[in-house]
Amino acid sequence: MSKTLFDKVWDSHVVRKIEDGPDVFFIDRHFIHEVTSPVAFVGLKSRGINVMYPEKTFATADHNTPTWNQHLPVADPLSANQLEALANNAAEYGISHWGLGHRNNGIVHIVGPENGITLPGATIVCGDSHTSTHGAFGAIAFGIGTSEVEMVLSTQCIMQPKPKKMRINVNGKLGFGVTPKDVALYIISKQTTSGATGYFVEYAGDVFENMSMEGRMTVCNLSIEMGARGGMIAPDEKTFEYIKGRKHAPTGADWDKAMAYWETLYTEEDAEFDVEFNYDAADIEPMITYGTNPGMGMGVTNSIPLAENVEGGVATYKKSLGYMNFNEGDDMIGKTVDYVFLGSCTNGRIEDFRAFCSIVEGKQKAPNITAWLVPGSHKVVDQIKEEGLDKILTEAGFVLREPGCSACLAMNDDKVPAGKLAVSTSNRNFEGRQGPGSRTLLASPLVAAATAVEGVVTDPRTLMKELV
């Protein structure tokens, strides 16, 4: 029987099948951070259990780290305790640890790929829902809970029912100013936040084949926002070129052996999916959300839908708009914005900063905008400086911050104040996600940049020169 990419990777990692139950599933790579790992280590210690394969676990500090003055002691006592616990646990159990100040430090889902830890055909977990990011490399990657973190640390396995399979095809050519973030937000707006629940998604078609690896990571990162267990894209020459030469990537004969396997990782022609969707790239324009979940998105030039035209409860819909202080039929273009956030595991890579700078170069930040520009890692910071993007940002009135999750989930000092409106390149716009009472519009780095210089929600295409 023909197999999908997902079947090939999943089936090869099943240690034991439990009749009418979950699979015992082997994990190749385990990422941990300071927030969801401390309790797991307490569990190990209380039972007198060691970490089975410490070399397969990688720790980095990211969620509640400050993005300013990282050389100083962390002021928040809870954050400081969690960071100290991560460092101590990593040292005690022989786990690689990239804490604040380490040159490899950064957001877990950015440092994994850029250090060659994320590989095609691997199984990857982390105590973080956006672990789906790593699926861009043809890996099966998904988030787990704290008790499961303990399970993986102690056994290198996890018990999981095999998800159903979904394929989403997007073919054609993307329009001017349309980015991978827009593709993902468009798909979520069609699928809703629960449309892929119970499924693992494979993305296929011209659009994903033509995307950069950074773009593919953005799309897979957002898979969880439509309820999927994860998302993945078949590896190809772009994937292999991205990985080659990175710190933890195989070399020599090991590279040749890995390539022989990686080249088998594709969905066979007659393989079947439980469900399949097809979208036309020409239908996608720069996107923006208007409500309180990532499925409430639309083209930036559109008007907020009427309740009667939206699936789901009218009362819930109106409550969402009430929280956002928006009305049915409002135009998004021209709405005054207070904050702009560029960063997160969704859009904190070098490609995102290049896109942002392509808009702001030669312009000035609007005086009403507070901007937080937060690279996803120190390696991204280095690239920004090597390419002179920092000078473009400085001349335009922006300040580059230090790596971390930052305002994506507001677990540090980067909190949008109550009532203020933010255009954010992160992944979630739930009530209070970026700070108690804050209001969030999810968008691409291009929309964020255009808004940052105009001070209001802006179609980036109006500030771009189309390449001939």
Side-chain angles (χ1 to χ4, degrees), residues 60-63 65-72 74 98-118 133 179-181 212-215 217-218 221 241-249 339-366 369-408 412-414 424-426 444-446 448-453 460 463-464:
T60 188
D62 60 0
H63 273 57
T65 59
T67 60
W68 201 250
N69 291 329
Q70 289 186 352
H71 63 288
L72 299 177
V74 176
W98 299 335
L100 286 182
H102 195 289
R103 293 308 304 162
N104 289 339
N105 174 254
I107 301 173
V108 61
H109 307 311
I110 289 182
V111 299
E114 71 183 12
N115 284 283
I117 300 168
T118 304
T133 308
T179 72
K181 179 65 166 289
S212 65
M213 289 307 300
E214 289 86 354
M217 283 186 260
T218 293
N221 173 277
E241 185 62 31
Y242 181 97
I243 295 168
K244 194 169 188 177
R246 294 186 183 268
K247 180 178 174 63
H248 290 273
Y339 283 74
V340 166
F341 170 52
L342 173 66
S344 83
C345 59
T346 311
N347 285 124
R349 300 175 186 83
I350 185 60
E351 186 175 272
D352 304 309
F353 281 82
R354 290 172 184 153
F356 192 93
C357 287
S358 73
I359 294 282
V360 306
E361 185 172 12
K363 302 179 182 67
Q364 282 293 306
K365 181 183 74 66
I369 294 291
T370 298
W372 291 326
L373 312 185
V374 187
S377 71
H378 285 288
K379 290 183 187 296
V380 174
V381 174
D382 292 343
Q383 287 178 287
I384 288 170
K385 293 179 178 179
E386 287 169 8
E387 297 180 18
L389 301 182
D390 58 326
K391 294 182 175 62
I392 292 173
L393 294 171
T394 299
E395 290 171 2
F398 295 93
V399 176
L400 192 67
R401 299 180 78 88
E402 296 174 281
C405 292
S406 185
C408 174
N412 57 12
D413 292 333
D414 301 348
S424 176
T425 65
S426 54
S444 74
L446 292 180
T451 300
V453 297
L463 302 181
M464 298 170 66

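Fair warning: this is a prediction, and the values are worked out from it, not measured in the lab. These values consider heavy atoms only, across backbone and side chains, with no hydrogens, waters or symmetry-generated copies.
- For the residue pair Thr67 and Asp414, a side-chain donor N or O sits within less than 3.5 Å of a side-chain acceptor on the partner.
- Listed by first and then second residue, the side chain to side chain donor-acceptor pair (under 3.5 Å) pairs involving residues 354-366 are Arg354-Glu387 (not counting sequence neighbours).
- Formation of a donor-acceptor pair under 3.5 Å by the Glu402 side chain with backbone atoms of Gln70 is found in this model.
- Side chains of Ile350 and Ile384 form a contact here, defined as non-hydrogen atoms less than 4.5 Å apart.
- By the ring pair (Phe, Tyr, Trp, His ring centres under 6.0 Å) test, Phe398 is found to be paired with Phe356, residues two or more places apart in sequence or in another chain being considered.
- Side-chain contact between Tyr242 and Met217 is present, with heavy atoms from C-beta onward closer than 4.5 Å.
- You'll find the side chain of Ile243 stays beyond 4.5 Å of the side chain of Met213, heavy atoms only.
- Here the side chains of Asn347 and Ser444 are not in contact, with every heavy-atom distance at 4.5 Å or above.
- Minimum interatomic distance between Phe353 and Val374 (heavy atoms only, all atoms of both residues): CZ-C, 3.6 Å.
- Looking at every heavy atom in both residues, Glu214 comes nearest to Arg349 through CG-CD, 3.9 Å.
- We find the SG-CD1 distance between Cys345 and Ile110 to be 7.0 Å, quoted to the nearest 0.5 Å.
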Discussion item. Under the criterion side-chain contact (heavy atoms from CB on, under 4.5 Å), I'd like the reasoning laid out for Leu463 against Val453: C-alpha separation, chi angles, the key distance, then a yes or no.
Written reply: CA-CA 10 Å; Leu463 302 181; Val453 297; 3.7 Å; yes
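- To the nearest 0.5 Å, atom NE2 of residue His63 and atom SG of residue Cys408 are 7.5 Å apart.
- Evaluation of the side-chain hydrogen bond (donor to acceptor under 3.5 Å, both in side chains) rule for Glu351 yields Ser212 as partners, not counting sequence neighbours.
- Without hydrogens or angle criteria, Asp62 side chain to Val108 main chain gives a donor-acceptor distance under 3.5 Å.
- Between atom CG of residue Leu342 and atom CG of residue Leu373 there is a gap of 5.5 Å, rounded to the nearest 0.5 Å.
- In this view, Thr451 satisfies the side-chain hydrogen bond (donor to acceptor under 3.5 Å, both in side chains) rule with no residue, not counting sequence neighbours.
- Side-chain contact check for His71 versus Leu100: every heavy-atom pair is 4.5 Å or farther apart.
- Listed for the Lys181 side chain is no donor-acceptor partner under 3.5 Å among the backbone atoms of Pro445.
- The side chain to side chain contact (heavy atoms under 4.5 Å, CB included) check on Val381 picks up Pro375, Lys385, Pro403, with sequence neighbours excluded.
- Looking at residues two or more places apart in sequence or on another chain, you find a side chain to side chain contact (heavy atoms under 4.5 Å, CB included) between Thr370 and Tyr339, Trp372.
- By the salt bridge (Lys or Arg N to Asp or Glu O under 4.0 Å) test, Asp413 is found to be paired with no residue, residues two or more places apart in sequence or in another chain being considered.
- Partners of Ser424 according to the side-chain hydrogen bond (donor to acceptor under 3.5 Å, both in side chains) rule, which considers only residues two or more places apart in sequence or in another chain, are Ser426, Gln434.
- Under the side chain to side chain contact (heavy atoms under 4.5 Å, CB included) criterion, Pro460 pairs with Pro286, Ile359, Leu446, Val447, Ala450, Met464, not counting sequence neighbours.
- Annotation: side chain to side chain donor-acceptor pair (under 3.5 Å) contacts involving residues 105-118, sequence neighbours excluded, comprise Thr60-Asn105, His109-Asp128, His109-His134, Glu114-Ser377, Thr118-His134.
- Not counting sequence neighbours, the partners of Asn221 by the side-chain hydrogen bond (donor to acceptor under 3.5 Å, both in side chains) test are Thr133, Thr346.
- Heavy-atom minimum distance, Thr425 versus Ala448: CG2-CB, 3.8 Å.
- Under the rule for a side chain to side chain contact (heavy atoms under 4.5 Å, CB included), the partners of Lys244 that lie at least two apart in sequence or sit in another chain are Trp255.
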